[in-house]
Colleague: 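I'd like to ask you about the structure that follows.
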Amino acid sequence: MLKFAVFGSPISHSLSPQIHSSFAKQFGITLNYERIQTEPGHLKASLIDFHKQQGIGANITVPLKQEAYGLCQRLSKSAELAQAVNTIGWNDNEEIWGDNTDGQGLIRDLTLNHQVTLTGKRILLLGAGGAARGILAPLLAFEPTLMIANRDLEKALLMISHYPQVAAVTYDGLLAHTQDPFDLIINATSASLDNHIPSLAPHVVNNACCVDLAYRFKEPTPFLQWAEKHHARKTLDGLGMLVEQAALGFALWHGQTPDTKAVIASLR
Ligand code: NDP
């Protein structure tokens, strides 16, 4: 049986096994997809062990995407740009290849599932961690006016060092922002995971489409609840991105592109 896994910590909540099993059913593929709890510093050993046991492909999640990047012998352009890897496999020479499908996963969800227009729009990206790095270059392909806000300004400045067209500010700096309103605000911080929201002034979300990369099933994330209260035009969570990035990974492993809409609907 074809063997896959997702590596991360914590990992028990991961929906990847469910998503990949649903995709596999669409093509009559039989596979075994497991969750493997792996602490930082232990990914290499875990992957070697997994591959010895006939594992042929893996997803990498928080907090191991940068560690995975350092372990790959072949990297896609997206992984190079993000300096993070979320999908790996082994080629015929037993080299590990790595890709990053997070950014394109978000783009597909926004543009195909929700008809959000990105070209030339004014975008505010919150956060400068792994997820923000993964989505930055794919967003810039639409030539928006893009600003990044992060608590740690140094981290944001490092992230945009190759992109002179992007501005970076702290949340305090954003308060002084008096230019045109944003069309799209993407929360790529992990604040929702702790029930927090980034410290934005309410007027910033007024009439904007607000996206949180985090998701919840019983209620909107704290950021999306707050954005709705302060008159966001539209709110979207990260479940669609999760399924879309998985579909792109599935296509890399199996050479077939699954239907995502039915899987997103069944998870909801
Ligand atoms: P990281 O740990 O790499 O980065 C966390 C970021 O969040 C940092 O920029 C940090 O700021 C910021 N942050 C944390 N808490 C707060 C807060 N209270 N207020 C403001 N900023 C805060 O995490 P990732 O980038 O890997 O993940 C970010 C989010 O994206 C998570 O919710 C994750 O679940 C989600 N995600 C969703 C995916 C999907 O498919 N839907 C895929 C990948 C990620 P600072 O640098 O100042 O500390």
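This structure is a prediction, so every number in the text was calculated from the model and none was measured. For reference, positions follow the sequence shown, starting with 1. Note that these values count all heavy atoms, side chains included, but never hydrogens, waters or copies made by symmetry.
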Colleague: If every non-hydrogen atom of A168 is compared with every non-hydrogen atom of L157, which pair is closest and at what distance?
Modeller: CB-CD2, 4.0 Å
Colleague: Can you hop from I148 to F142 via hydrophobic side chains spaced under 4.5 Å?
Modeller: yes
Colleague: Looking at CD1 of I185 and CZ of R122, how far apart are the two atoms once the value is rounded to the nearest 0.5 Å?
Modeller: 10.5 Å
Colleague: Would you say Q115's side chain and L112's backbone share a donor-acceptor pair under 3.5 angstrom?
Modeller: yes
Colleague: At their closest point, which heavy atom of C210 faces which heavy atom of L224, and how far apart are they?
Modeller: O-CD2, 3.6 Å
Colleague: Answer whether the closest heavy-atom distance between the side chains of E143 and T119 falls below 4.5 Å.
Modeller: no
Colleague: Taking side chain as C-beta onward, heavy atoms only, is L184 less than 4.5 Å from L124?
Modeller: no
Colleague: Mark yes or no for whether N91, through its side chain, and N93, through its backbone, hold a donor-acceptor pair below 3.5 Å.
Modeller: yes
Colleague: Look up atom OG1 in T189 and atom CZ in F223, then write down how far apart they are to the nearest 0.5 Å.
Modeller: 8.0 Å
Colleague: Could you check if a side-chain atom of I107 sits within less than 4.5 angstrom of a side-chain atom of L139, using non-hydrogen atoms only?
Modeller: yes
Colleague: For residues F182 and A208, report the shortest heavy-atom separation together with the two atoms involved.
Modeller: O-CB, 3.4 Å
Colleague: So which heavy atom on G105 is nearest to which on L248, and how close?
Modeller: N-CD1, 3.7 Å
Colleague: Output, in order, the C-alpha distance, side-chain angles, deciding distance and verdict of side-chain contact (heavy atoms from CB on, under 4.5 Å) for H114 and K234.
Modeller: CA-CA 10 Å; H114 298 286; K234 183 171 183 163; 4.3 Å; yes
Colleague: Determine, using the 4.5 Å side-chain heavy-atom cutoff (strictly less than), whether I186 and M147 are members of one ILVMFWY cluster.
Modeller: no
Colleague: Roughly how far, to the nearest 0.5 Å, is the OG1 atom of T170 from the CG atom of L174?
Modeller: 8.0 Å
Colleague: Name all pairs fulfilling the salt bridge (Lys or Arg N to Asp or Glu O under 4.0 Å) condition that reach into residues 216-229, sequence neighbours left out, sorted by first residue then second.
Modeller: R216-E219
Colleague: List, by chain and number, the other hydrophobic cluster members for L15, where Ile, Leu, Val, Met, Phe, Trp and Tyr join if side-chain heavy atoms come within less than 4.5 Å, directly or indirectly.
Modeller: L2, F4, V6, I11, I19, F23, F27, I29, L31, Y33, I56, W97, Y215, F217, L239, L242, V243, F250, L252, W253, V263, I264, L267
Colleague: Counting distance only, does the side-chain N/O of Q225 pair as donor-acceptor with the main-chain N or O of P220 below 3.5 Å?
Modeller: yes
Colleague: Are side-chain N/O atoms of E244 and N113 paired as donor and acceptor at under 3.5 Å?
Modeller: yes
Colleague: Side chains of L213 and N187: does their closest heavy-atom pair fall under 4.5 Å?
Modeller: no
Colleague: Give the intermediate values and the outcome of side-chain contact (heavy atoms from CB on, under 4.5 Å) for residues L118 and T111.
Modeller: CA-CA 8 Å; L118 298 171; T111 59; 3.8 Å; yes
Colleague: So do I88 and C72 actually touch side chain to side chain, heavy atoms under 4.5 Å?
Modeller: yes
Colleague: For the residue pair R233 and D183, what are the closest heavy atoms and their distance?
Modeller: NH2-O, 3.3 Å
Colleague: Counting only heavy atoms not in Q26 (residues, nucleotides, ligands), do more than 12 fall under 6.0 Å from its CD?
Modeller: yes
Colleague: Suppose we screen for side-chain contact (heavy atoms from CB on, under 4.5 Å). Which residues come up paired with P63, at least two apart in sequence or across chains?
Modeller: S9, P40
Colleague: Check whether N86 reaches the backbone of T101 with its side chain - one donor and one acceptor, N or O, closer than 3.5 Å.
Modeller: yes
Colleague: Applying a strict under-4.5 Å side-chain criterion to I, L, V, M, F, W and Y, I'd like to know whether L125 and V169 cluster together.
Modeller: no
Colleague: Can you tell me which residue among T235, N195, D212 is in a side-chain hydrogen bond (donor to acceptor under 3.5 Å, both in side chains) with T221?
Modeller: D212
Colleague: Checking H42 against E67: is there a side-chain donor and acceptor pair closer than 3.5 Å?
Modeller: no
Colleague: Can you list the steps and then say if E94 with H51 is a side-chain contact (heavy atoms from CB on, under 4.5 Å)?
Modeller: CA-CA 10 Å; E94 292 298 307; H51 191 48; 2.6 Å; yes
Colleague: Do other residues, nucleotides or ligands put more than 12 heavy atoms under 6.0 Å from H162 NE2?
Modeller: no
Colleague: By ring pair (Phe, Tyr, Trp, His ring centres under 6.0 Å), which residues pair with Y69, not counting sequence neighbours?
Modeller: none
Colleague: For the hydrophobic clusters of this structure (ILVMFWY residues joined by side-chain heavy atoms under 4.5 Å, transitively), does one cluster hold both M241 and I123?
Modeller: yes
Colleague: Between W90 and E95, is the side-chain contact (heavy atoms from CB on, under 4.5 Å) condition met? List the steps.
Modeller: CA-CA 5 Å; W90 284 263; E95 291 170 324; over 6 Å; no
Colleague: Do T38 side-chain atoms and I36 backbone N/O form a donor-acceptor pair below 3.5 Å?
Modeller: yes
Colleague: Drop me the distance from L47's CG to F7's CZ, to the nearest 0.5 angstrom.
Modeller: 5.0 Å
Colleague: Mind checking whether D99 and V85 have side chains closer than 4.5 Å, heavy atoms only?
Modeller: no
Colleague: L236 and V205: same hydrophobic cluster, using ILVMFWY side-chain contacts below 4.5 Å?
Modeller: no
Colleague: Does Y163 have any ring pair (Phe, Tyr, Trp, His ring centres under 6.0 Å) partners at least two apart in sequence or in another chain, and if so, which?
Modeller: none
Colleague: At what distance, to the nearest 0.5 angstrom, does CD of Q18 lie from OG of S266?
Modeller: 7.0 Å
Colleague: Between R133 and A82, is there a donor-acceptor pair closer than 3.5 Å when you use the side chain of the first and the backbone of the second?
Modeller: yes
Colleague: What I want to find out is whether D102 reaches K65 closely enough, with some N-O distance under 4.0 Å, to be called a salt bridge.
Modeller: yes
Colleague: Calculate, to the nearest 0.5 Å, the distance between atoms CG and CD belonging to L75 and Q83 respectively.
Modeller: 9.5 Å
Colleague: For H230 versus P202, what's the shortest heavy-atom pair and its separation?
Modeller: ND1-CB, 3.4 Å
Colleague: Between Q73 (side chain only) and I96 (backbone N and O only), is there a donor and an acceptor less than 3.5 Å apart?
Modeller: yes
Colleague: Below 4.0 angstrom, N of the basic side chain to O of the carboxylate: do R268 and D237 qualify?
Modeller: yes
Colleague: How would you list all residue pairs meeting salt bridge (Lys or Arg N to Asp or Glu O under 4.0 Å) that involve residues 25-47, not counting sequence neighbours?
Modeller: K3-E34
